[in-house]
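Chain letters run A, B, ... following the sequence lines, proteins first, then strands; residues in each count from 1.
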Protein chains: 2
Amino acid sequence: MDAIRSHHLILMICDCRVEYEGRASSKLMWGRRIVLMKGDGSVVIHRPVGVEAVNWQPPPTVIHISSEDGYLKIVVVRRRPKEVLRIYIRSIDTLYTGKVRDSGEFYMYFDEEDLKKAILAHPELIEENFRIIRDEMEVEGGRVDLVGEDENGMKTLVELKKVGNMEAARQLLRYVSPIRRDGGKVRGILVAEKFNSGVKKFLKINGLEWREVRRHQVLSIIRKSRKLRRFMEGFKVE
Amino acid sequence: MDAIRSHHLILMICDCRVEYEGRASSKLMWGRRIVLMKGDGSVVIHRPVGVEAVNWQPPPTVIHISSEDGYLKIVVVRRRPKEVLRIYIRSIDTLYTGKVRDSGEFYMYFDEEDLKKAILAHPELIEENFRIIRDEMEVEGGRVDLVGEDENGMKTLVELKKVGNMEAARQLLRYVSPIRRDGGKVRGILVAEKFNSGVKKFLKINGLEWREVRRHQVLSIIRKSRKLRRFMEGFKVE
DNA sequence: CGTGCCAGGTGCCAT
DNA sequence: ATGGCACTTGGCACG
């Protein structure tokens, strides 16, 4: 239709059947769903329950519309990886097409990146007289989040995580081990909001350390940043 | 409204502002979005571009509706983890409320589970005279996908992945190492559709092996399964 | 209920 | 393009 060519939004509640073939394959039998076709080529299909979409196709896509056996057939093709989404529509309950403009900015806040910013601004969150030397550094075994020096000048690798799980602990060990193997002295600290059971023990056994940072500590630091002050307005930080 | 109490679907295109606070925090400034409130309590907010939702709240939720400063205010609360989504609505473009029923079945096909089924049915995909002994087994370091025996009766741990990346290789090594450390003889094979660069080398260095399975091999095996025949009808498997 | 692991993960940014 | 890694990841299976 014209709506697709003019990159409008198309929203349907319709009785449809959906097939997907690409990295995997799936088939969704007849039923009523919400089909969302966006101006950028994205297609999202929601069932009436569940927070996640049942089928989708990320842009860029090419969309073909035709009629087959009396059904409206919409084929959404993605090139790389090669994926095809086919929607067969038996009837349309509700249809909306139109231009929807949205220029509102979106701020995400307090993810790993913000934890890092807080530590960069206040290295004492790690410990007294701690200094950050590098932000993101390639080491044997991967890329460590921060490298610092403690008050005795000992090199320290810092790995940041929202949740300190076993995988994170192993990751840190992977960074520290080669250095120690080569005779280097290095500390390794896993920083997280929360630690799963067994992780602290694993760290201890392997000569590593941890810091539990509290959400409100980080928030109170970040909210001082002028850049984010407007963002914070309206939030009552508990 | 009544629509929420009666667990109906509510779909709006509206000019709104959204705040999220919970595991992280986010703020979305005024603009036009598609707001989807489902009968099970799920709430999904889409912008007019992008395949992913900008904000959401998974069920179970409690929904409060009120009026604040002349705006319609919808608050969606999730208990564990504690998360709050606040939607302030300035104007509504389009509104749909109603019961949407969808009983159509959904089949997903050719994920790791299907790769396993194919290998269970045809262990020769691993190698000639290979026998599967166990499906899913706890070992030191985690849970391995398959345990088998080669034609010489040597125990073999098999890890299945869609993509054989470094993480998968390390995972397999983690399963094999403790056994070898204790003097056990064991082979380790990483099975995947595709291997990232460096992974095969890493496996080789650590005395592990790999098998590259092709999609069509697995498909041709699975399509023979009666249970899935109906699913396959209509697919032209290339 | 937490813990681990997969996903058509998606997205972002590095080389 | 490929790889590495975080994510309000969500989801499921399992101890």
Side-chain angles (χ1 to χ4, degrees), chain A residues 18-28 42 44-45 50-59 78-85 106 108-116 136-138 141-145 159-168 170-171 192-199, chain B residues 18-28 42-45 50-59 76 78 80-85 106-116 136 138 141-145 159-168 171 193-199 215:
Chain A
V18 184
E19 290 172 1
Y20 158 77
E21 222 180 329
R23 286 169 291 176
S25 305
S26 76
K27 204 173 206 176
L28 177 60
S42 311
V44 186
I45 303 172
V51 75
E52 291 225 312
V54 61
N55 282 110
W56 66 93
Q57 190 73 287
R78 185 187 187 190
R79 273 303 157 82
R80 231 180 346 267
K82 179 66 183 290
E83 295 181 294
V84 183
L85 186 69
F106 180 69
M108 176 58 70
Y109 190 68
F110 199 66
D111 46 15
E112 192 188 292
E113 193 52 36
D114 289 308
L115 176 56
K116 185 193 283 180
E136 300 279 324
M137 192 174 83
E138 296 290 337
R143 192 177 58 197
V144 68
D145 289 322
E159 184 63 24
L160 308 175
K161 283 282 181 308
K162 277 179 82 77
V163 178
N165 59 13
M166 202 52 93
E167 188 50 43
R170 277 194 293 261
Q171 196 178 332
E193 279 183 78
K194 171 179 175 288
F195 286 83
N196 285 351
S197 76
V199 172
Chain B
V18 184
E19 290 174 0
Y20 159 77
E21 221 180 330
R23 286 170 291 178
S25 303
S26 75
K27 203 173 207 175
L28 176 62
S42 311
V43 175
V44 186
I45 303 172
V51 76
E52 289 224 313
V54 61
N55 282 110
W56 66 93
Q57 190 72 286
V76 187
R78 185 188 186 190
R80 235 182 340 272
K82 179 68 183 289
E83 294 180 294
V84 182
L85 185 69
F106 180 68
Y107 304 93
M108 177 57 71
Y109 190 67
F110 198 67
D111 46 14
E112 190 186 294
E113 193 53 34
D114 288 308
L115 176 56
K116 185 193 280 180
E136 300 279 324
E138 297 291 335
R143 192 177 58 200
V144 68
D145 288 323
E159 186 62 24
L160 307 176
K161 283 284 181 307
K162 277 181 81 76
V163 177
N165 59 13
M166 203 53 95
E167 188 52 42
Q171 196 178 332
E193 280 183 78
K194 171 180 176 287
F195 286 82
N196 286 352
S197 76
V199 172
R215 193 187 157 74

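A/E193 meets the side-chain hydrogen bond (donor to acceptor under 3.5 Å, both in side chains) test with no other residue; sequence neighbours excluded. In terms of the side-chain hydrogen bond (donor to acceptor under 3.5 Å, both in side chains) criterion, residue partners of A/E167 (sequence neighbours excluded) are, by chain and number, A/R170. Scored by the side-chain hydrogen bond (donor to acceptor under 3.5 Å, both in side chains) test, A/Q57 finds no partners at all (sequence neighbours excluded). Legend: residues meeting side-chain hydrogen bond (donor to acceptor under 3.5 Å, both in side chains) with A/K116, ordered by chain and number and at least two apart, are A/D135, A/E136.
Residue A/N165 places none of its side-chain N or O atoms closer than 4.0 Å to OP1 or OP2 of C/dG4. Contact annotation: B/R143 does not reach the phosphate of C/dT3 (side-chain N/O to OP1 or OP2, under 4.0 Å).
The main-chain N or O of B/R23 is found under 3.5 Å from a side-chain atom of A/K162 such that the two form a donor-acceptor pair.
Taking atom P on both C/dG8 and C/dG4, the two are 22 Å apart, rounded to the nearest angstrom. Nucleotides D/dG4 and D/dT8 place their P atoms 22 Å apart, quoted to the nearest Å.
Backbone-only contact: B/K194 has heavy atoms under 4.0 Å from sugar-phosphate atoms and none from a base. Backbone-only engagement by B/E159 is indicated by non-hydrogen atom pairs under 4.0 Å involving sugar-phosphate atoms exclusively.
Between A/F195 and B/Q171, the residue anchored closer to the 5' end of DNA chain C is A/F195, taking for each the nucleotide with the nearest heavy atom. Summary of the strand contacts: A/E52 and B/N196 both lie near DNA chain D, and taking for each the nucleotide with the nearest heavy atom, the more 5' one is attributed to B/N196.
Put simply, the side chain of B/L85 reaches to within 4.5 Å of the side chain of B/N55, judged on heavy atoms. Side-chain atoms of B/S26 and A/F106, non-hydrogen and from C-beta on, do get closer than 4.5 Å to each other. Contact of the A/E21 side chain with the A/E19 side chain is not registered, since no non-hydrogen atoms from C-beta on lie closer than 4.5 Å.
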Mind listing the N/O atom pairs, protein and nucleotides 7-9 of chain C, below 3.5 Å?
{"unit_1": "C/dA7", "atom_1": "OP1", "unit_2": "B/E112", "atom_2": "N", "d": "2.8"}
{"unit_1": "C/dG8", "atom_1": "O6", "unit_2": "A/N55", "atom_2": "ND2", "d": "3.0"}
{"unit_1": "C/dG8", "atom_1": "O6", "unit_2": "A/W56", "atom_2": "N", "d": "2.9"}
{"unit_1": "C/dG8", "atom_1": "O6", "unit_2": "A/W56", "atom_2": "O", "d": "3.2"}
{"unit_1": "C/dG8", "atom_1": "N1", "unit_2": "A/W56", "atom_2": "O", "d": "2.5"}
{"unit_1": "C/dG8", "atom_1": "N2", "unit_2": "A/W56", "atom_2": "O", "d": "3.4"}
{"unit_1": "C/dG8", "atom_1": "N2", "unit_2": "A/Q57", "atom_2": "OE1", "d": "3.1"}
{"unit_1": "C/dG8", "atom_1": "N2", "unit_2": "A/E83", "atom_2": "OE1", "d": "3.4"}
{"unit_1": "C/dG8", "atom_1": "N2", "unit_2": "A/E83", "atom_2": "OE2", "d": "3.4"}
{"unit_1": "C/dG8", "atom_1": "N3", "unit_2": "A/Y20", "atom_2": "OH", "d": "3.4"}
{"unit_1": "C/dG8", "atom_1": "N3", "unit_2": "A/R23", "atom_2": "NH2", "d": "3.1"}
{"unit_1": "C/dG8", "atom_1": "N3", "unit_2": "A/E83", "atom_2": "OE2", "d": "3.1"}
{"unit_1": "C/dG9", "atom_1": "OP1", "unit_2": "A/R23", "atom_2": "NH1", "d": "3.3"}

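Of all nucleotides in DNA chain D having an atom under 4.0 Å from a heavy atom of chain B, the first and last in 5' to 3' order are D/dG3 to D/dC14.
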message: Could you go through A/V18 and A/I45, starting from their C-alpha distance and side-chain angles, then the distance that decides it, and tell me whether this counts as side-chain contact (heavy atoms from CB on, under 4.5 Å)?
response: CA-CA 9 Å; A/V18 184; A/I45 303 172; 3.8 Å; yes
